[in-house]
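Worksheet: one structure, shown below.
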Amino acid sequence: MTEFYRSYLAVAVLILAAIGMVGFMLGLGRLIRPVRAQEQKYIPYEAGSDPTGTFGQSNVRYYVFALLFVIFDVEAVFIFPWAVNLESLGWFGLVEMTIFVVVLTLGLVYAWRKGVLRWA
Amino acid sequence: MWEQQVAFWVIAVAMAGAAIGVVRANNVVHAALFLIVVFAGSAAQYILLLAEFVAWVQVLIYIGAIIVLFLFGVMLTRAPMREERGKLDNSQRLASAVVALFLFGVLAVFLIDAFGGTELRFRDSMVEVGSAASVGDSIFRQFVIPFEVVSMLLLAALVGAVALARRD
């Protein structure tokens with residue numbers, strides 16, 4: 001087994017330990033707790049008062065924020081490989097990255113100017 | 001090499017089980033949670049292939065962002081919850097089984113045809129290839145134009161979303 005896999009074995013062990021621990025605690029709780037089913041217990045907790053109906057459909061406006069998040073997440077992914085090569089790429093890399101960021105900023109400016117970023 | 005094989009099969013079985021969970025879940029939020037397991041499994045497979053950077057991109061983009069998009073989609077549409085159990089189901093099981101088997105067959109035939117005899121022997125020196133530094137090297141030295149085209153693609157997605165979400 002190579003050194004690379006060995007270093008990720010620690011990650012695998014951590015994940016398995018986490019799953020095992022949570023499974024053990026939930027399983028133990030299920031084994032030893034008393035079960036007295038009551039209708040009231042299955043109502044979602046909503047700040048002490050009974051919930052009113054099903055959940056409401058949220059506004060499509062919030063979806064833009066999720067999509068903005070995805071797009072700038074993708075941008076961040078491209079910034080990482082540039083950042084680790086910052087010195088070897090020099091000015092050329094800086095210009096390339098500036099163009100990339102400016103193009104995406106245009107989209108943000110468009111969204112802002114169209115007023116979809118307002119919460120009201 | 002056997003450790004890698006064992007890891008591959010463990011992850012692959014977990015992914016397949018979670019993928020079945022995605023389509024079988026009665027609650028769309030549970031389906032999204034199963035999807036996280038599938039994405040995490042594919043990230044682990046990338047690690048096995050020494051593609052470290054791609055693996056963490058998978059975690060960042062798919063688990064971090066795509067699932068958020070899914071949950072927003074669930075909130076936007078009136079997804080069936082507890083009281084409407086069974087509404088996510090339909091009677092297309094046979095058709096979907098045929099499509100799934102057909103897709104599996106096509107993928108299996110083409111992948112075995114293309115890579116059937118290939119045997120990968122990983123060494124520690126290969127870890128470098130999957131790192132962020134070498135990915136950045138090829139993006140900014142060989143694929144500069146595609147990289148800039150990606151920014152246009154993302155801009156198009158952004159403008160499209162804004163156009164859809166506007167009231168007027």
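Keep in mind that the numbers below use all heavy atoms, side chains included, and drop hydrogens, waters and symmetry copies. Chain letters run A, B, ... following the sequence lines, proteins first and then strands; every chain starts at 1.
- In the hydrophobic clustering of ILVMFWY residues, with side-chain heavy atoms under 4.5 Å counting as a link, B:L158 and B:L153 come out apart.
- Heavy atoms of B:I139 lying under 4.5 Å from chain A belong exclusively to its side chain.
- Crowding of A:E87 atom CD: a count of heavy atoms from other residues, nucleotides or ligands under 6.0 Å not exceeding 12.
- Once rounded to the nearest 0.5 Å, the distance linking CG of A:L106 with OG of B:S151 reads 9.5 Å.
- Hydrophobic clustering (side-chain heavy atoms under 4.5 Å, transitive across Ile, Leu, Val, Met, Phe, Trp, Tyr) groups A:L67 together with A:W112.
- The shortest side-chain heavy-atom distance between B:E52 and A:Y8 falls under the 4.5 Å cut-off.
- Under the 4.5 Å side-chain heavy-atom criterion for Ile, Leu, Val, Met, Phe, Trp and Tyr, B:V10 and B:F8 are members of distinct hydrophobic clusters.
- Across A:I99, A:V101, A:I15, the residue that shares the most heavy-atom pairs under 4.5 angstrom with chain B is A:I99.
- The environment of CZ in B:F39 is crowded: more than 12 heavy-atom neighbours from other residues, nucleotides or ligands sit within 6.0 Å.
- In this structure, A:P81 and B:G136 approach most closely via the heavy-atom pair CB-CA, 3.3 Å.
- Residues B:V150 and A:F78 have side chains in contact (heavy-atom distance under 4.5 Å, counting atoms from C-beta outward).
- Taking chain A as the reference chain and counting heavy-atom pairs below 4.5 Å, the highest number among B:I47, B:L60, B:V159 is found for B:I47.
- Only the side chain of A:N85 has a heavy atom closer than 4.5 Å to any heavy atom of chain B.
- At a threshold of 4.5 Å between side-chain heavy atoms, the hydrophobic network of Ile, Leu, Val, Met, Phe, Trp and Tyr places B:M15 and A:I19 in one connected group.
- Between B:F147 and A:F100, the distance from one ring center to the other falls under 6.0 angstrom.
- B:W2 does not touch chain A: none of its heavy atoms, backbone or side chain, sits under 4.5 Å away.
- The distance from the CG atom of B:D137 to the CH2 atom of A:W82 is 15.0 Å, given to the nearest 0.5 Å.
- Across A:D73 and B:A65, no two heavy atoms sit closer than the pair OD2-CB, 3.5 Å.
- The line from CZ of B:F140 to CG of A:L94 is 10.0 Å long, rounded to the nearest 0.5 Å.
- In this structure, no portion of A:T105 lies under 4.5 Å from any heavy atom of chain B.
- For A:F65, no part lies under 4.5 angstrom from a heavy atom of chain B.
- The residue among A:V64, A:V84, A:V77, A:L108 with the most heavy atom pairs within less than 4.5 Å of chain B is A:V77.
- A:V109 and A:V102 are members of different hydrophobic clusters when ILVMFWY side chains are connected at heavy-atom separations under 4.5 Å.
- Contact annotation for B:L71: neither backbone nor side-chain heavy atoms come within less than 4.5 Å of a heavy atom of chain A.
- In this structure the side chain of B:F53 reaches within 4.5 angstrom of the side chain of A:F80, judged on heavy atoms.
- Atom CG of residue B:L154 and atom CG of residue A:L68 lie 11.5 Å apart, to the nearest 0.5 angstrom.
- For the pair A:Y5 and B:L50, the minimum side-chain heavy-atom distance is below 4.5 Å.
- Two residues are said to be in side-chain contact when any heavy atoms from C-beta on lie closer than 4.5 Å; B:R141 and A:L89 meet this criterion.
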Exercise for review: Please report the C-alpha distance between B:V144 and A:F92 in whole Å, then the side-chain angles of each, then the deciding distance to 0.1 Å, and finally whether the side chain to side chain contact (heavy atoms under 4.5 Å, CB included) criterion is met.
Suggested key: CA-CA 10 Å; B:V144 169; A:F92 178 70; 3.8 Å; yes
